[in-house]
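Have a look at the structure below, then the notes.
Counting begins at 1 with the first residue of the sequence. Worth saying up front: this structure is predicted, and the values here are computed from it rather than measured.
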Amino acid sequence: APRRRSPPYWQRATALVMCVAGTLGGCTEGYPTSDTPHRTPVQMTTAERTREMNRLGEDAGAQRLWRYSVHEHCALAITVRRHEAEEQSFIARLSGQQVEMVSDKATASYRVQSLPSLGGHSEATVLFEAEQWTDAAEMASLIQAQRRECLRRAPLGKHPNTAPSRNTAP
């Protein structure tokens with residue numbers, strides 16, 4: 001039987017380069033070609049924070065939809081729809097409140113809630129609930145940044161509504 005000759009070196013090298021180039025070219029498919037700067041919640045504008053809060057609210061899972069809008073005097077208007085129930089809306093005042101994140105093992109979810117920072121007797125107001133810890137942590141960070149921005153804008157010594165909040169939970 002005649003002996004098979006291997007292709008010349010330059011043909012093998014060209015084939016190898018084409019395979020590698022084709023493989024590496026596919027690595028960027030679907031990914032951005034440049035890095036976009038990541039802005040922290042503190043660096044965002046109120047509109048950007050609200051947009052991010054609404055994005056998280058749409059993806060909260062467990063058949064929940066949360067919508068947010070920021071009102072003057074440190075108020076956060078929240079509308080929540082759970083399962084196929086009617087929407088519930090309420091206003092949560094951010095001044096005079098502390099924001100915390102807690103886990104609920106019974107429902108396997110994470111909540112962002114506000115409590116009076118002066119030790120009032122109000123119950124916690126749930127501001128967000130999600131199945132993913134990362135979503136709840138991001139929401140807590142966004143709400144904290146909005147609260148700081150609100151307090152920063154208030155005239156010195158005249159923080160809006162620093163009395164215990166009259167938040168009404170859904």
Side-chain angles (χ1 to χ4, degrees), residues 30-32 34-170:
Y31 292 98
S34 64
D35 288 338
T36 56
H38 176 73
R39 291 171 50 96
T40 66
V42 173
Q43 296 169 323
M44 293 178 182
T45 65
T46 296
E48 289 171 324
R49 277 190 294 269
T50 304
R51 191 170 32 257
E52 282 300 303
M53 288 166 40
N54 284 316
R55 181 189 60 79
L56 287 169
E58 289 175 4
D59 297 334
Q63 299 177 359
R64 287 186 207 101
L65 174 66
W66 298 80
R67 287 194 311 266
Y68 301 87
S69 61
V70 177
H71 292 248
E72 53 187 40
H73 304 300
C74 290
L76 188 62
I78 302 172
T79 302
V80 61
R81 182 186 310 150
R82 293 186 175 134
H83 306 288
E84 295 300 319
E86 279 187 40
E87 288 184 349
Q88 295 177 316
S89 297
F90 62 100
I91 302 288
R93 302 241 181 255
L94 298 179
S95 61
Q97 300 289 306
Q98 63 184 8
V99 177
E100 66 180 15
M101 190 176 88
V102 296
S103 65
D104 184 346
K105 290 181 180 165
T107 61
S109 65
Y110 301 90
R111 288 192 312 267
V112 177
Q113 58 189 27
S114 66
L115 294 162
S117 55
L118 300 175
H121 297 291
S122 298
E123 290 186 26
T125 300
V126 177
L127 306 175
F128 180 68
E129 189 170 2
E131 295 173 345
Q132 299 295 317
W133 178 90
T134 52
D135 291 344
E138 186 176 356
M139 181 63 78
S141 181
L142 289 162
I143 292 172
Q144 283 284 23
Q146 185 58 44
R147 180 180 171 278
R148 279 197 233 39
E149 174 70 14
C150 167
L151 294 174
R152 186 187 66 77
R153 288 184 175 199
L156 188 61
K158 297 189 178 196
H159 291 289
N161 193 26
T162 54
S165 175
R166 293 183 183 254
N167 290 343
T168 54

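In summary, of the residues considered (Met53, Glu58, Glu129), a side chain to side chain contact (heavy atoms under 4.5 Å, CB included) with Trp66 occurs for Glu129 alone.
You'll find the side chain of Arg111 stays beyond 4.5 Å of the side chain of Met101, heavy atoms only. You'll find the side chain of Ser95 stays beyond 4.5 Å of the side chain of Arg147, heavy atoms only. The side-chain heavy atoms of Leu76 and Val70, taken from C-beta on, include a pair separated by under 4.5 Å. Side-chain atoms of Glu87 and Arg67, non-hydrogen and from C-beta on, do get closer than 4.5 Å to each other. Using a 4.5 Å heavy-atom cutoff, the side chains of Gln113 and Val102 are in contact. Using a 4.5 Å cut-off on side-chain heavy atoms (C-beta onward), Val112 and Glu100 make no contact. With a 4.5 Å cut-off on side-chain heavy atoms, Ser114 and Thr125 count as touching. Residues Leu65 and Val80 form no side-chain contact, since every pair of their non-hydrogen atoms from C-beta on lies 4.5 Å or further apart.
Across Ile91 and Ala77, no two heavy atoms sit closer than the pair CD1-CB, 3.7 Å. Across all non-hydrogen atoms, the minimal contact from Gly57 to Phe128 is CA-CE1, 4.0 Å.
Rounded to the nearest 0.5 Å, atoms OG (Ser109) and CD (Gln132) are 11.0 Å apart. The CZ atom of Arg55 lies 8.5 Å from the CG atom of Leu142; values are rounded to the nearest 0.5 Å. In this structure, CD in Glu138 is found 11.0 Å from CD1 in Ile143, a value given to the nearest 0.5 Å.
A donor-acceptor contact shorter than 3.5 Å links the side chain of Thr50 to the backbone of Thr46. No donor-acceptor pair closer than 3.5 Å links the side chain of Arg152 to the backbone N or O of Arg148. In this structure a side-chain-to-backbone donor-acceptor pair under 3.5 Å is present from Arg49 to Pro41. Looking only at distances, no side-chain donor or acceptor of Asp135 sits under 3.5 Å from a matching main-chain atom of Leu56. Between the side chain of Tyr68 and the backbone N or O of Thr79 there is no donor-acceptor pair closer than 3.5 Å.
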Requested in this report: Show the numbers, then the answer: is there a salt bridge (charged side-chain N to carboxylate O under 4.0 Å, His left out) between Glu131 and Arg64?
Outcome: CA-CA 10 Å; Glu131 295 173 345; Arg64 287 186 207 101; 5.6 Å; no

